[in-house]
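First the structure, in the form of structure tokens, and then the observations on it.
Just so you know, these numbers use all the heavy atoms, side chains as well, and skip hydrogens, waters and symmetry mates.
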Amino acid sequence: QVQIVESGGGLVTFGGSLRLSCAASGVTIPSLYSMAWYRQPPGKQRELVARVYSDGNTFYIDSVKGRFTISKENAKNLVYLQMNSLKPDDAAVYFCNLRMPGHPDYWGRGTQVNVSS
């Protein structure tokens, strides 16, 4: 059974940094999956923030390019999101996503990020 657990959220001041971590367990073929971070601000829809693919390629939405970095440790089934120069608009619940071919997406419960101005 696949389980996804996020950690690392919290309150940070404008311009500060946080590192989110996501641990995936129950994944038997790590080379075939991609992992991503999504976020959902209050009252808004969930949106993709960044994804790291099985070959190591990455994708970022424009609003976080140059500020956020997604990385992974395949051997440990861990993925990170380093967030720098945080802004109030970055405040949201951040969710970790795991995607494998032929399976539904797996999601964690989320971790809250708050940014004070």
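We find the OG1-CG distance between Thr69 and Leu81 to be 8.0 Å, quoted to the nearest 0.5 Å.
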Please list, one pair per line, the donor and acceptor atoms closer than 3.5 Å that link side chains of residues 59-68 to other protein atoms, with sequence neighbours excluded.
from, atom 1, to, atom 2, distance (Å)
Tyr60, OH, Ile70, N, 2.8
Asp62, OD1, Lys65, NZ, 3.1
Arg67, NE, Ser63, O, 3.4
Arg67, NH1, Ser85, O, 2.9
Arg67, NH1, Asp90, OD2, 2.8
Arg67, NH2, Ser63, O, 2.8
Arg67, NH2, Asp90, OD1, 3.1
Arg67, NH2, Asp90, OD2, 3.4

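For the pair Val52/Val79, a side-chain contact is recorded, criterion being any heavy-atom separation below 4.5 Å from C-beta on. Side-chain contact check for Val113 versus Leu20: some heavy-atom pair is nearer than 4.5 Å. In this structure, Val12 and Asn114 have side chains that are not in contact, with every pair of non-hydrogen atoms separated by 4.5 Å or more. When side chains are defined from C-beta on, Glu6 counts as touching Trp37, because their heavy atoms get closer than 4.5 Å. Ser54 is not listed as a side-chain neighbour of Ser34, based on a closest heavy-atom distance of 4.5 Å or more. You'll find the side chain of Arg39 reaches within 4.5 Å of the side chain of Glu47, heavy atoms only. For the pair Gln40 and Phe95, the minimum side-chain heavy-atom distance is below 4.5 Å. The shortest side-chain heavy-atom distance between Cys22 and Ile4 falls under the 4.5 Å cut-off.
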Next item on the list: Applying side-chain contact (heavy atoms from CB on, under 4.5 Å), run through Ser71 and Gln82 and close with a yes or a no.
Entry: CA-CA 8 Å; Ser71 60; Gln82 178 66 43; over 6 Å; no
Check: Should Tyr80 and Arg19 be marked as a side chain to side chain donor-acceptor pair (under 3.5 Å) after you check the CA-CA gap, both sets of side-chain angles, and the distance that decides it?
Finding: CA-CA 7 Å; Tyr80 305 102; Arg19 189 176 84 153; 4.6 Å; no
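No donor-acceptor contact under 3.5 angstrom links the side chains of Tyr53 and Arg99, judged on distance only. In summary, the side chains of Asn57 and Arg51 do not present any donor paired with an acceptor at a separation below 3.5 Å, with no hydrogens or angles considered. Using a 3.5 Å distance cut-off with no hydrogens or angles, the side chains of Asn77 and Tyr33 do pair a donor with an acceptor.
The hydrophobic cluster containing Val27 does not contain Val5, counting ILVMFWY residues as joined when their side-chain heavy atoms lie under 4.5 angstrom apart, directly or transitively. Hydrophobic clustering of Ile, Leu, Val, Met, Phe, Trp and Tyr side chains at less than 4.5 Å, counting indirect connections, unites Leu48 with Met35.
Partners of Asp89 under the side-chain hydrogen bond (donor to acceptor under 3.5 Å, both in side chains) rule, at least two apart in sequence or in another chain, do not exist in this structure.
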